[in-house]
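Presented below is the structure to which this report refers.
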Amino acid sequence: MSSLTFHWFLPTSGDSRDVVGGGHGAPDTATGPGRRRPPTVAYLGQIARAAENLGFAGALTPTGAWCEDAWLTTAMVSQATERLKFLVAFRPGFVSPTLAAQMASTFQRQTGGRLLLNVVTGGESREQRAYGDFLDKDARYRRTGEFLHVVRELWQGGTVNLRGEHLQVEDARLTRVPDPVPEVYFGGSSPAAVEVAARHADVYLTWGEPPAQVAGKIARLREAAAREGRTLRFGIRLHVITRDTAADAWAEAHRLLDGFDPDTVREAQANLARSESEGQRRMLALHGGSRDALEIHPNLWAGIGLVRGGAGTALVGGHDEVAERIAEYHALGIDEFVLSGYPHLEEAYWFGEGVLPRLAARGLWRHPEHAGAGAGAEERVLPVAV
């Protein structure tokens with residue numbers, strides 16, 4: 001039985017009962033009066049263990065100046081779990097490809113093969129320059145292509161010599177290759193991003209746009225990958241607010257919205273408007289900075305994007321409605337869902353205990369502990385509440 005794959009999120013800039021802003025130039029703030037939870041290894045370990053027990057396959061760890069380092073954090077948190085994979089976001093301009101390939105290989109051996117890589121080229125020149133990277137956006141994507149070429153050759157046990165436009169290596173080789181080879185997750189909406197994804201990605205990730213826009217992206221990426229003689233899988237990055245009733249879910253969304261200080265929204269929108277990211281531009285276009293008409297598709301709410309950079313939409317509704325929206329995206333070709341919610345510990349349980357059993361009942365999901373088992377294996381699925 002084919003099964004959808006669900007990943008959760010490790011909030012390495014801190015967590016709260018309110019939305020925590022940050023990313024792509026948005027101010028790093030908690031938007032409401034709720035006390036902010038620091039991103040300690042102990043707390044992140046709680047979230048990771050909950051995600052693992054509930055049936056999430058992995059957890060995304062973000063990258064950026066606004067959060068803790070993803071490599072170090074996941075290396076420590078991985079020790080609190082047994083099965084959960086870690087989708088580690090990293091920027092190829094900040095480390096040599098040979099060292100990155102070696103780090104990934106070490107991670108695989110020390111965790112039993114639980115590393116996935118989210119390659120983030122970087123859409124903000126201001127932040128890139130703070131790290132010593134002065135390339136423009138298109139040049140950064142060309143460098144990413146060279147980087148992934150080197151890394152993939154090294155992972156296959158090859159010796160690599162490259163004198164590229166941006167990267168040079170001589171007689172590069174790993175003494176121990178990773179087993180399994182980590183899958184590469186990659187996102188981006190610009191033509192340069194599509195070219196890199198088509199050539200090097202295993203999974204293309206999109207932010208949570210309405211289904212019609214997502215369908216257009218998938219078609220464009222499939223066509224680009226076919227020109228390279230490749231096929232891609234597709235994933236989507238969304239927040240989620242799911243409750244026993246739709247009224248309760250929307251009440252929570254409105255509570256979060258009420259906590260957005262108007263000055264914080266204005267500052268966030270002004271900063272995000274300066275972003276070089278095409279994906280961020282598309283996120284902003286979904287709401288235009290206005291609090292009105294934030295439900296841009298049934299159960300798809302753009303309110304998070306008023307104060308947070310990057311993924312700015314949430315699935316909001318009763319458990320059956322959220323399951324239906326997931327099935328709608330799946331029908332377009334989305335097989336992997338990278339989800340989050342505030343606070344991340346509690347929201348993981350709302351989704352894991354409310355939505356996953358409904359998807360299991362529809363034959364769309366199986367707990368990872370039984371995904372490879374035969375038809376007679378005992379299912380680890382919570383009963384659907386009635």
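Computed from a prediction, not measured in an experiment: that's the story for all the values here.
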Looking at [Y], is its backbone amide N or carbonyl O close enough to the side chain of [X] to form a donor-acceptor pair, meaning the two atoms are under 3.5 Å apart?
X: Q46; Y: L345; answer: no
X: H254; Y: W250; answer: yes
X: H166; Y: G93; answer: no
X: R230; Y: A201; answer: yes
X: T264; Y: F260; answer: no
X: R308; Y: A311; answer: yes
X: Q108; Y: P180; answer: yes

Carboxylate-amine/guanidinium proximity below 4.0 Å for [X] and [Y]:
X: R274; Y: E124; answer: no
X: R152; Y: D202; answer: yes
X: R220; Y: E195; answer: no
X: D133; Y: R91; answer: no
X: E321; Y: R325; answer: no
X: E146; Y: R163; answer: no
X: R140; Y: E276; answer: yes
X: D18; Y: R255; answer: yes
X: E336; Y: R233; answer: yes
X: E52; Y: R49; answer: no

Taking the side chain as every heavy atom from C-beta outward, state whether [X] and [Y] have any pair of such atoms under 4.5 Å apart.
X: Y342; Y: V20; answer: yes
X: L257; Y: R291; answer: yes
X: R143; Y: L167; answer: yes
X: V322; Y: V240; answer: yes
X: P97; Y: L154; answer: no
X: Y204; Y: Y185; answer: no
X: R358; Y: D320; answer: yes
X: L221; Y: V194; answer: yes

Does any donor atom in the side chain of [X] or [Y] lie under 3.5 Å from an acceptor atom in the other side chain?
X: H297; Y: E328; result: yes
X: R114; Y: T81; result: yes
X: S189; Y: K217; result: yes
X: T144; Y: T121; result: yes

Start with the C-alpha gap between E183 and L117, add the side-chain angles, then the distance that decides, and say whether side chain to side chain contact (heavy atoms under 4.5 Å, CB included) holds. CA-CA 6 Å; E183 291 192 306; L117 287 178; over 6 Å; no
To the nearest 0.5 Å, how far apart are [atom1] in [X] and [atom2] in [Y]?
X: R173; Y: N161; atom1: CZ; atom2: CG; value: 11.5 Å
X: I326; Y: L4; atom1: CD1; atom2: CG; value: 7.5 Å
X: W350; Y: H319; atom1: CH2; atom2: NE2; value: 6.0 Å
X: T98; Y: M103; atom1: OG1; atom2: CE; value: 12.5 Å
X: H330; Y: D335; atom1: NE2; atom2: CG; value: 5.5 Å
X: T74; Y: L87; atom1: OG1; atom2: CG; value: 10.0 Å

Connected via hydrophobic side-chain network under 4.5 Å: [X] and [Y]:
X: W8; Y: Y329; value: yes
X: V19; Y: I296; value: no
X: L272; Y: L256; value: no
X: L44; Y: L339; value: yes
X: F234; Y: M283; value: yes

Crowded around [X] [atom1]? As in, over 12 foreign heavy atoms under 6.0 Å?
X: E165; atom1: CD; result: yes
X: R176; atom1: CZ; result: no
X: Q168; atom1: CD; result: yes
X: Q110; atom1: CD; result: no

Of the non-hydrogen atoms in [X] and [Y], which two are nearest, and what is the gap between them?
X: T5; Y: A57; value: CG2-CB, 3.6 Å
X: Q128; Y: F94; value: NE2-CE2, 3.6 Å
X: A89; Y: V120; value: CB-CG2, 4.0 Å
X: L84; Y: A48; value: CD2-O, 3.6 Å
X: W155; Y: V184; value: CZ3-CG2, 4.2 Å
X: G188; Y: Y141; value: CA-OH, 4.2 Å

Within 45° of the six-membered ring axis of F9 and under 6.0 Å from that ring's centre, is NZ or CZ of R237 located there? yes
If you apply the rule side chain to side chain contact (heavy atoms under 4.5 Å, CB included), what do you find for W71 with V88, and how did you get there? CA-CA 7 Å; W71 279 111; V88 178; 4.2 Å; yes
Give the ring-plane orientation class for F351 versus F6, where under 30° counts as parallel, over 60° as perpendicular and anything between as tilted. tilted
Geometric class of the F147/F90 ring pair [parallel <30°, tilted 30-60°, perpendicular >60°]: tilted
Go through it in stages, so that I can follow the logic: the residues are L148 and V119, the test is side chain to side chain contact (heavy atoms under 4.5 Å, CB included), and I'd like the CA-CA distance, side-chain angles, deciding distance and then a yes or no. CA-CA 9 Å; L148 289 173; V119 176; 3.9 Å; yes
Side chain to side chain contact (heavy atoms under 4.5 Å, CB included) assessment of T313 paired with W301: CA-CA 5 Å; T313 53; W301 184 64; over 6 Å; no
Can you list the steps and then say if E324 with R362 is a salt bridge (charged side-chain N to carboxylate O under 4.0 Å, His left out)? CA-CA 10 Å; E324 183 60 35; R362 298 173 67 154; 3.0 Å; yes
R281 vs E209, salt bridge (charged side-chain N to carboxylate O under 4.0 Å, His left out): CA-CA, chis, key distance, verdict: CA-CA 12 Å; R281 184 196 65 77; E209 298 177 4; over 6 Å; no
